[in-house]
Amino acid sequence: MAYTLDRTITDADFETVDARTRKALGDAGFGVLTEIDVKATMKKKIDKDMDGYRILGACNPNMAWEAIGMEPKVGAMLPCNVILREVGGGVEVSAVDPVASMSGIDNADLKGVAGQVRDMLQGVIAAI
């Protein structure tokens with residue numbers, strides 16, 4: 001089972017894709033709660049160079065509220081991470097597939113919410 005929803009953007013640079021991703025997330029009701037610049041962190045912590053790589057921790061509060069109400073420990077699997085990664089020919093955007101990440105939790109109602117969030121994230125990826 002694939003665990004990410006992916007798209008490679010070939011018509012824009014890294015920072016432009018970042019801005020477009022944040023806008024698409026916002027338009028779909030997600031906020032970016034966390035941001036990790038993996039490239040800068042690797043350079044600072046272990047003096048290793050790498051291509052652009054950024055992790056955005058995105059959350060849709062309404063969906064998170066619903067999921068936590070069904071399964072209080074699900075917060076250990078939130079937020080929905082979206083990565084931006086420089087690849088040959090463009091910038092790859094990958095979002096976690098909530099259905100895959102929640103598959104280990106035996107709760108049919110939660111799986112329904114995960115499916116809704118997956119549909120929302122697929123729309124985000126398509127809108128970038």
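Throughout, numbering of the chain's residues begins at 1 and tracks the sequence.
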Under the side-chain contact (heavy atoms from CB on, under 4.5 Å) test, residues paired with [X] that sit two or more places apart:
| X | value |
| --- | --- |
| Asp119 | Gln122 |
| Thr4 | Asp6, Ser94 |
| Asp51 | Glu86 |

Original post:
salt bridge (charged side-chain N to carboxylate O under 4.0 Å, His left out) with Arg22: which residues, sequence neighbours excluded?
Top reply: Asp18, Glu35
**OP:** Output all residues satisfying salt bridge (charged side-chain N to carboxylate O under 4.0 Å, His left out) with Lys43, sequence neighbours left out; order by chain, then residue number.
**Re:** Asp47, Asp49
Original post:
How close do Val117 and Pro98 get, heavy atom to heavy atom, and via which atoms?
Top reply: CG1-CG, 3.6 Å
Original post:
What heavy-atom pair brings Ile105 and Lys111 nearest, and what distance separates the two atoms?
Top reply: O-NZ, 2.6 Å
Original post:
In terms of hydrophobic clusters joined by side-chain contacts under 4.5 Å, are Val32 and Ile125 together?
Top reply: yes
Original post:
Hey, any chance Leu84 and Val96 share a hydrophobic cluster, counting ILVMFWY side chains that come within less than 4.5 Å of each other, even indirectly?
Top reply: no
**OP:** Starting at OG1 of Thr34, measure out to CD1 of Ile36 and round the result to the nearest 0.5 Å.
**Re:** 5.5 Å
Subject >> Candidate pair Val17 and Val93, rule side-chain contact (heavy atoms from CB on, under 4.5 Å), full reasoning >> reply: CA-CA 8 Å; Val17 173; Val93 181; 3.5 Å; yes
**OP:** Give a yes or no on this: more than 12 heavy atoms of other residues, nucleotides or ligands lie within 6.0 Å of atom CG of Asp11.
**Re:** yes
**OP:** Under the side-chain hydrogen bond (donor to acceptor under 3.5 Å, both in side chains) rule, collect the residues that match up with Glu15, sequence neighbours excluded.
**Re:** Arg54
